Trainee: 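My structure is below; once you've seen it, I'll send some questions.
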Amino acid sequence: MNTLIISTFSCSFEEFKTDVSGFITAMGKEVVSEYEFVQAGVHKSHLLMNVLDMEALEAEMTSDAAKEWDQKNNCRDTIYAIELVG
């Protein structure tokens with residue numbers, strides 16, 4: 001499933017990208033097969049992902065480690081499913 005996550009955060013974009021890439025890599029290619037970050041502002045990112053296992057992604061995003069990281073970095077995510085039109 002093609003997914004878009006729009007995130008706002010208080011850390012730098014580079015720190016956000018590095019840390020979130022680490023979470024994605026740890027989940028493995030069976031959960032997220034590919035992803036791309038787009039910097040949308042100083043403290044805003046658009047993350048495009050091909051998610052193969054949404055339940056595993058949800059479990060990771062709601063884990064204690066992710067919640068702690070979100071709180072530390074004032075991170076808020078809005079998640080969208082993307083569907084090809086036409």
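These figures come from a predicted structure and were not determined experimentally.
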Trainee: Run the side-chain hydrogen bond (donor to acceptor under 3.5 Å, both in side chains) test against D19 and tell me which residues pass, sequence neighbours left out.
Mentor: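 Only W69 meet the side-chain hydrogen bond (donor to acceptor under 3.5 Å, both in side chains) criterion with D19.
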
Trainee: Any link between L4 and L57 through a network of hydrophobic side chains (Ile, Leu, Val, Met, Phe, Trp, Tyr) touching at under 4.5 Å?
Mentor: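 In one cluster with L4: L57, no.
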
Trainee: Assess whether side chain to side chain contact (heavy atoms under 4.5 Å, CB included) is satisfied between L48 and I82, documenting all intermediate values.
Mentor: CA-CA 9 Å; L48 301 161; I82 301 173; 4.0 Å; yes

Trainee: Minimum heavy-atom separation for L52 to K29, with atom names?
Mentor: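 Closest heavy-atom pair between L52 and K29: CD1-O, 3.4 Å.
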
Trainee: From N74 CG over to T8 OG1, what is the distance, rounded to the nearest 0.5 angstrom?
Mentor: 7.0 Å

Trainee: What's the spacing between C75 SG and K67 NZ if we round to 0.5 Å?
Mentor: 14.0 Å

Trainee: About how many Å separate CD of E58 and CD of E55, when rounded to the nearest 0.5 Å?
Mentor: 7.5 Å

Trainee: How many angstroms lie between CG in N2 and CD in E34, if you round to the nearest 0.5 Å?
Mentor: 8.0 Å

Trainee: Counting heavy atoms not belonging to M1, are there more than 12 under 6.0 Å from its CE?
Mentor: no

Trainee: I'd like to know whether I6 forms a side chain to side chain contact (heavy atoms under 4.5 Å, CB included) with K44, so could you lay out the CA-CA distance, the side-chain angles of the two residues, the decisive distance to 0.1 Å, and finally the verdict.
Mentor: CA-CA 7 Å; I6 298 176; K44 188 173 185 178; 3.6 Å; yes

Trainee: So how far is it from I79 CD1 to S7 OG, rounded to the nearest 0.5 Å?
Mentor: 8.0 Å

Trainee: Is V38 reachable from F13 through a run of hydrophobic residues whose side-chain heavy atoms are each under 4.5 Å from the next?
Mentor: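 In one cluster with F13: V38, no.
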
Trainee: Quick one: does any side-chain atom of S10 pair with a main-chain N or O of N73 as donor and acceptor, under 3.5 Å?
Mentor: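 Side chain of S10 to backbone of N73, a donor-acceptor pair under 3.5 Å: yes, one is there.
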
Trainee: What pair of heavy atoms forms the shortest contact from F23 to A66, and how long is it?
Mentor: CZ-CA, 4.3 Å

Trainee: Measure the OG-CG distance between S63 and D70 for me, rounded to the nearest 0.5 Å.
Mentor: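 Here the interatomic distance stands at 8.5 Å.
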
Trainee: Take a 6.0 Å sphere around CD of E15 and say whether it holds more than 12 heavy atoms from other residues, nucleotides or ligands.
Mentor: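 Result for CD/E15: enclosed.
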
Trainee: Could you check if a side-chain atom of M49 sits within less than 4.5 angstrom of a side-chain atom of I5, using non-hydrogen atoms only?
Mentor: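 Side chain of M49 against side chain of I5, heavy atoms only: contact under 4.5 Å found.
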
Trainee: Between H43 and F9, is there a donor-acceptor pair closer than 3.5 Å when you use the side chain of the first and the backbone of the second?
Mentor: yes

Trainee: With sequence neighbours left out, what residues match Y35 under ring pair (Phe, Tyr, Trp, His ring centres under 6.0 Å)?
Mentor: F37

